[in-house]
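Structure, as structure tokens:
Read the numbers this way: they start at 1 and go in the same order the structure lists the ligands and their atoms.
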Amino acid sequence: MDSAVDWYGAKALLEWYVELGVVDAVGDKAIDRYALADSSPKPARKAVPDPVATPVEPVRRNHGAEALTRAEAADSLEALAEAMRGFDGLELKRGARNFVFAEGNPEARVMIVGEAPGADEDRVGRPFVGRAGQLLDRMLAAIGLSRDHPDPGRSVYITNVLPWRPPANRTPTPDEAAIMLPFVRRHIALVDPDVLILMGNTPCGALLGRTGILRMRGTWTIAEDRAVMPMTHPAYLLRNPAAKREAWADLLEIQAKLRETA
Ligand code: URA
């Protein structure tokens, strides 16, 4: 059935009804329930649950542990993509149109980890294709890097902490990032880049355990056994063009590191 209400709208509407005290779903035809009252069978008495045998709360799945098991079992990028695609530990997956895994040269010396797909990425199923992504491509081109170049020294590989778009493009929560972290770490290990660029606070929080990108940017650090450069997110640069100057300095740092370690 076609509906103007999407999954989040329908969920919010249901929650609102429950809040109002609605307990029955009604059909299109009115039913006189007073007339039915005498003829309807008495509901069976509910069995009183045994307080010892019945857990107070339903058992919750440990999504972080499941992510770790799936990630560790993935021995190739294809296997990792399938393991992530089949993972149901994040509710926001249900509101996303597409699974956005990664793009670029898997042999690249530089790997970029962003935050999560936005509306454009969700629509086409590729990372960083909207305005921020186009700016990122121009920034990379300025130091001779691109997604598609066959030479590992001149290409990049791009992914995000979350492969699904958060509703209304909100920032991923630390819990969501923590649940997906085993996948991100496995992704980095499989690509094995020399340099990791963390775009914005979400990947810094997940992989470095700290945020404050405006303080952290431009300073090399180590994580996942490799050199890491935190940078401001291109979406921030679109909103704050004056910050492009510092981003340019960070790009030159990356270029120098690649030359130094070639
Ligand atoms: N912002 C991100 O962090 N990632 C994308 O893929 C697009 C926008």
Identify which one of Val228, Thr221, Leu198 satisfies the side chain to side chain contact (heavy atoms under 4.5 Å, CB included) criterion when paired with Cys204.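 Of Val228, Thr221, Leu198, side chain to side chain contact (heavy atoms under 4.5 Å, CB included) with Cys204 is met by Leu198 alone.
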Can you find a side-chain donor-acceptor pair between Thr261 and Arg109 that sits under 3.5 Å?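 Per modelled atom types, Thr261 and Arg109 side chains form a pair under 3.5 Å.
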Can you tell me if Thr211 and Asn201 form a side-chain donor-acceptor pair at under 3.5 Å?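 Their side chains do not contain a donor-acceptor pair, so the 3.5 Å distance test is not met.
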contact_flag Glu121 ligand 1 heavy-atom lt 4.0 Å: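 Flag set, Glu121 near ligand 1.
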Yes or no: does His233 have any heavy atom under 4.0 Å from an atom of ligand 1?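 Yes.
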Note: Glu224-Arg185 ion pair, threshold 4.0 Å (strictly below):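 Result for this pair is yes, salt bridge flagged.
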Ligand 1 contact on Met199 by region, counting heavy-atom pairs under 4.0 Å: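 Near ligand 1, Met199 shows nothing, with every heavy atom at 4.0 Å or more.
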Ligand 1 versus Ala116, non-hydrogen atoms closer than 4.0 Å: side chain, backbone, both, neither?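 Only the backbone of Ala116 comes within reach of ligand 1.
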Any idea which atoms of ligand 1 are less than 4.0 Å away from a heavy-atom of Gly114?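 Atoms satisfying the 4.0 Å criterion: 3 (O).
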Just which atoms of ligand 1 are under 4.0 Å from any heavy atom in Pro127?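 Here the atoms of ligand 1 in question are 6 (O).
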Nearest protein heavy atom with distance in Å, relative to atom 4 (N) of ligand 1: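 Going atom by atom, the protein heavy atom closest to atom 4 (N) of ligand 1 ends up being Asn160 OD1, 2.8 Å.
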When rounded to the nearest 0.5 angstrom, what is the spacing between CE in Met84 and CG in Leu162?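 Answer for the CE-CG pair, Met84 versus Leu162, is 8.5 Å.
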Taking ring-ring contact (aromatic ring centres under 6.0 Å, His included) as the criterion, tell me which of Trp164, Phe101, Phe183 meets it with Phe87.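 The single option meeting the ring-ring contact (aromatic ring centres under 6.0 Å, His included) with Phe87 is Phe183.
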Can you find an N/O atom of Phe128 closer than 3.5 Å to an N/O atom of ligand 1?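 So ligand 1 has an N or O lying under 3.5 Å from an N or O of Phe128.
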